[in-house]
Amino acid sequence: MLPFLSCKLAQYLNGIVAGFTSKTKKIGFIAAKPIPQVLRNCNAFLMGARSVDPKITCQLIVTGDWSLPVKEAEAVNSMVDQGVDVITCHVDSPKVVVETAEKRGIFSCGYHASQAPLAPKGYLTGAEWNWAPVYEQHVKDALSGAPFKNFVRGGFKEGFVKMSPYGKAVSDAAKKKADATKAAMVKGDYVIFKGPLKDNTGKEVIPAGKALIQTDPVLESMNYLVEGVIGKV
Amino acid sequence: MASPRVSAALEALAIPIGALAGAMVLFGLFMLVLGQSPIEVYSLIYQGGFSGAFSWQNTLSRAAPLILTALCVALPAQAGLMIIGSEGALVLGGLVAAVIGHLMTGVSPMGVKVAMALGGMLAGGLWIAAAGALRQYRGINETISSLLLTYIAIALFNHMVEGPLRDPASLNKPSTHPIGDANMLGNFPGLDVHWGLGFGIIFCVAMYVLVKHTTWGFGLRIVGGNARAARLAGLPVSQLVLTACFLGGAASGLAGMVEVAAVHGNANASLMAGYGYAGILVAFIARQNPIAIIPVAVLLGGISASGGMLQRRLDLPDATVLVLQGMAFLLVLASETLYGRIKLFKSREIPA
Amino acid sequence: MTDLGWWGVPLGVLGGALRVSTPFLFVSLGECITEKSGRINLGLEGILVMGAMTGYAVSFVTGNPWFGVLAAGIAGFFLGLLHGLICNLPKVNDIAVGIGLMLFGTGFAFFMGKPYVQPKAPNLPSISFGAWSDMPQVQAALQVSPLFLIGIALALFLAWGFRNTRWGLVVRMVGDSSDAARAMGYNVNVVRTLATAAGGFLAGIGGSFLSLYYPGSWSEGLSSGQGLMAVALVIFARWNPIHCFYAALLFGGAGSLGPALQSVGITSGYYLFNAAPYVLTLAIMIATCSPRRTLAGAPGELSIVR
């Protein structure tokens, strides 16, 4: 079973909350490897933030592997030095990133599971995977004799992704907008990646009038960073 | 009864086996302390590694690269060098092989395979020869430099695979371009094990003959015994050392080629499966003897093949196998002290 | 907050040097003691990882990070003792035993450490030296760990002790000529075993810094060869504890070069930048070693320089 859950939706919501919270208008994303799955989340994070304030930029740091705690901590420190004040990540475990952000007194959004206890002051919210419905569906399929699905895709609508409860620092305006967006996502027709969309080299990647729904396979091969992300694939 | 030769062979066989048995007892006690039944653990290791066609296939597929990476330790060891950089030679060999396999067109698959093997061996060989050269010409400890070179090789590998050499079609697992189905190494006739095992065995036998039965090998062993005496005797010490390092690195590079051409079909991060590090252990348990490497690699391949079974059945962490391996390693090294000290193996004349 | 721009790189490297150097410092001081006695312990990488795991686990269980530091040292002491005892056996090679200990220590730590990857253990406090600056970046860079200060004190103490105390002279004599030491009535094996155990103790503490201060949590990817690089660093530092300190700072700074460059927009080639410490170690060894003469300050009995 290879469940590629749509965390980009959740990272978009992370981005909305980050957009409301950031004062320096610089947010950061720490990635293990520059692969489509990760780039998509980074792009969604910034696009969520830009839906609040289009001036926001997102710094991307790639550590090079899934578990490099010292590099992850160094990445947080160097981003904070550059003025970044909200950070999220896509590595094996966000523990080190969230903890280091808390030590430096900035905000963080999590991933995989709730990290709120690690950063009581700075944790905003986070996308969590909710495995129960995935397994439920597998069991249901097995009982009904349907073939085993090797590739499961889904988001909020299917109940595969949920958000951790909002932290103290999240403003009411942020909650309101994030909740409204989430409600639209639950209906299943919310589109993040739609044209016109430019990448950070100025090239148009999605032409005006075209919308990629969240299960569109084209998104599985995303190899660009959207405008406003500081970094290179 | 026991001629000196026979008793020395018996000693060389009995002491490592005794040390391994000691490690098994120690590990069994450790499991007992943790509330696991040692008998159950060992029977699972046996089931996972050595019973049934499927386990054997898994074991032998793991043994193939281990045989080759162990040679990367054992050959320089003949000259007294302790090289632990097999992993670096393996990934570079795999990378070069994958590039050759992708770029060579208009050549018969056999030609491509030969070129891939040669390319992988050259890359690995030069990498380890560099560690040998640093030692011969700059006096740098080869154990440390070969491990540093491994870290550098892995960084280069990642840089190339995720950068300039990346196949844009490889999405969430960055890889080089595929070498193509026609260029893949097939299986042994009648067996579900790829040809890499054959390469390993041939390489081991050839190196055994080279080291034990040629003048070159004799010279190499003199260097390993006493480099100063070898130099006084007029042996080309540096040349011998560098060649041994090159051959060792070539074996590891070939392991990378085998992993690319028989398992993955391209170069990607899965090449770094730790075969290089496990090969160090194989070489030391085999006491750097190229022939003994073969059974030891099969044994360790089987133990690591059973790791998943231990995890699933007994809920033990995947590092369980590492603990057993670490204990075996330390006891085998400690047992070095027993050579020539056990009465039983002293050669003696016994009247018939 | 002031916009630093490119100044972020030197500041990041300086901050990184202060943050990341402590494990290098402790491991290299430990190895310095061991090598002065004429043995090399390449297994300090394994001891470092074991110390990191033990320190985190004990801090989690007792709620006091300092108990964790002590426990990490004790775990390192016993692994060092194991190395020392095995090497006392005739015909056993210390470098090979070190490789074995490296594999055993990391494997054992991964095995025992599984339950402690998730929970949060109390971390060591930090001491601030940046109050004079009104730039938060500088203040943050000058947050140092008490272990760092202890490490500096230890380096000074060892440098003094090797010259001026009885045990210092005994360790050095055993390392320079075992025959002379035997003639003076010292038991060479006992001295070397204790020196290796003491080295293990320090390396274990170096490991606890990783899990209890920076980055401050236990996971299997925690060490990326710091223990091994520290062994190389001792050769570079010519077995001088004070030089070990400078070298540790240099290596710490090199490790933070990659992320610092990425944060100002140099984003390609991060794998290569991240390999900077390894390249630096190798380059330094190439520049400072020589096959023809024995290194100044090298213990005469040491197998790597003989």
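Chain naming here is simple, since letters A, B, ... match the order of the sequence lines and numbering starts at 1 in each.
- Looking at heavy atoms from C-beta onward, L42(C) lies in side-chain contact with I144(B) at the 4.5 angstrom threshold.
- Heavy atoms closer than 4.5 Å to chain C are found in the side chain of L34(B), but not in its backbone.
- Contact between I140(B) and M285(C) at its shortest, heavy atoms only, is CG2-CE, 3.1 Å.
- Among all heavy-atom pairs drawn from A319(B) and F110(C), the shortest one is CB-CB, 3.5 Å.
- The most heavy-atom pairs under 4.5 Å with chain B, out of T281(C), L82(C), I99(C), come from I99(C).
- For L338(B), no part sits under 4.5 Å from any heavy atom of chain C, backbone or side chain.
- Rounding to the nearest 0.5 angstrom, the gap separating the NE2 atom in H159(B) from the CZ atom in F273(C) is 9.5 Å.
- Interface remark: of the candidates P317(B), S335(B), A328(B), P317(B) forms the most heavy-atom pairs closer than 4.5 Å to chain C.
- Within the model, atoms OH of Y278(C) and CD1 of I154(B) stand 8.5 Å from one another, a figure rounded to the nearest 0.5 Å.
- Taking the side chain as every heavy atom from C-beta outward, L103(C) and L322(B) never approach each other to under 4.5 Å.
- Note that the OH atom of Y277(B) and the OG1 atom of T106(C) stand 10.5 Å from one another [nearest 0.5 Å].
- Residues D318(B) and K114(C) form a side-chain contact, since some pair of their non-hydrogen atoms from C-beta on lies under 4.5 Å apart.
- Formation of a donor-acceptor pair under 3.5 Å by the K91(C) side chain with backbone atoms of Y339(B) is found in this model.
- Between V97(C) and L330(B), the closest heavy-atom pair is O-CD2, 3.9 Å.
- Here CG of L331(B) is found 9.5 Å from CZ of F104(C). Values are rounded to the nearest 0.5 Å.
- Residues L156(B) and L272(C) meet the side-chain proximity criterion, which asks for heavy atoms closer than 4.5 Å.
- At a 4.5 Å heavy-atom cutoff, the contact between M82(B) and chain C is made by side-chain atoms alone.
- Residue I86(C) touches chain B through its side chain alone, counting heavy-atom pairs closer than 4.5 Å.
- Looking at A287(C), the atoms closer than 4.5 Å to chain B (heavy atoms on both sides) all sit in the backbone: N, CA, C or O.
- When each of L316(B), T320(B), L149(B), V332(B) is checked for heavy-atom pairs under 4.5 Å with chain C, T320(B) comes out on top.
- Top candidate by heavy-atom pairs under 4.5 Å with chain C, chosen from I84(B), N158(B), V323(B), is N158(B).
- In this structure the side chain of L148(B) never reaches within 4.5 angstrom of the side chain of V279(C), judged on heavy atoms.
- Each of G107(C), P90(C), A232(C), A275(C) has some count of heavy-atom pairs under 4.5 Å with chain B, and the biggest count is that of P90(C).
- Counting all heavy atoms, side chain and backbone alike, T143(B) lies closest to I95(C) at OG1-CG2, 3.6 Å.
- In this structure, OG1 on T337(B) lies 12.5 Å from CG on N93(C), to the nearest 0.5 angstrom.
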Determine, step by step, whether F329(B) and M102(C) satisfy the side chain to side chain contact (heavy atoms under 4.5 Å, CB included) criterion, reporting the C-alpha distance in whole Å, the side-chain angles of both residues, the deciding distance to 0.1 Å, and the verdict. CA-CA 10 Å; F329(B) 201 161; M102(C) 202 186 306; over 6 Å; no
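- Residue E142(B): no heavy atom, backbone or side chain, is found under 4.5 Å from chain C.
- The minimum heavy-atom distance between V92(C) and L333(B), with the atom names listed, is CG2-O, 3.7 Å.
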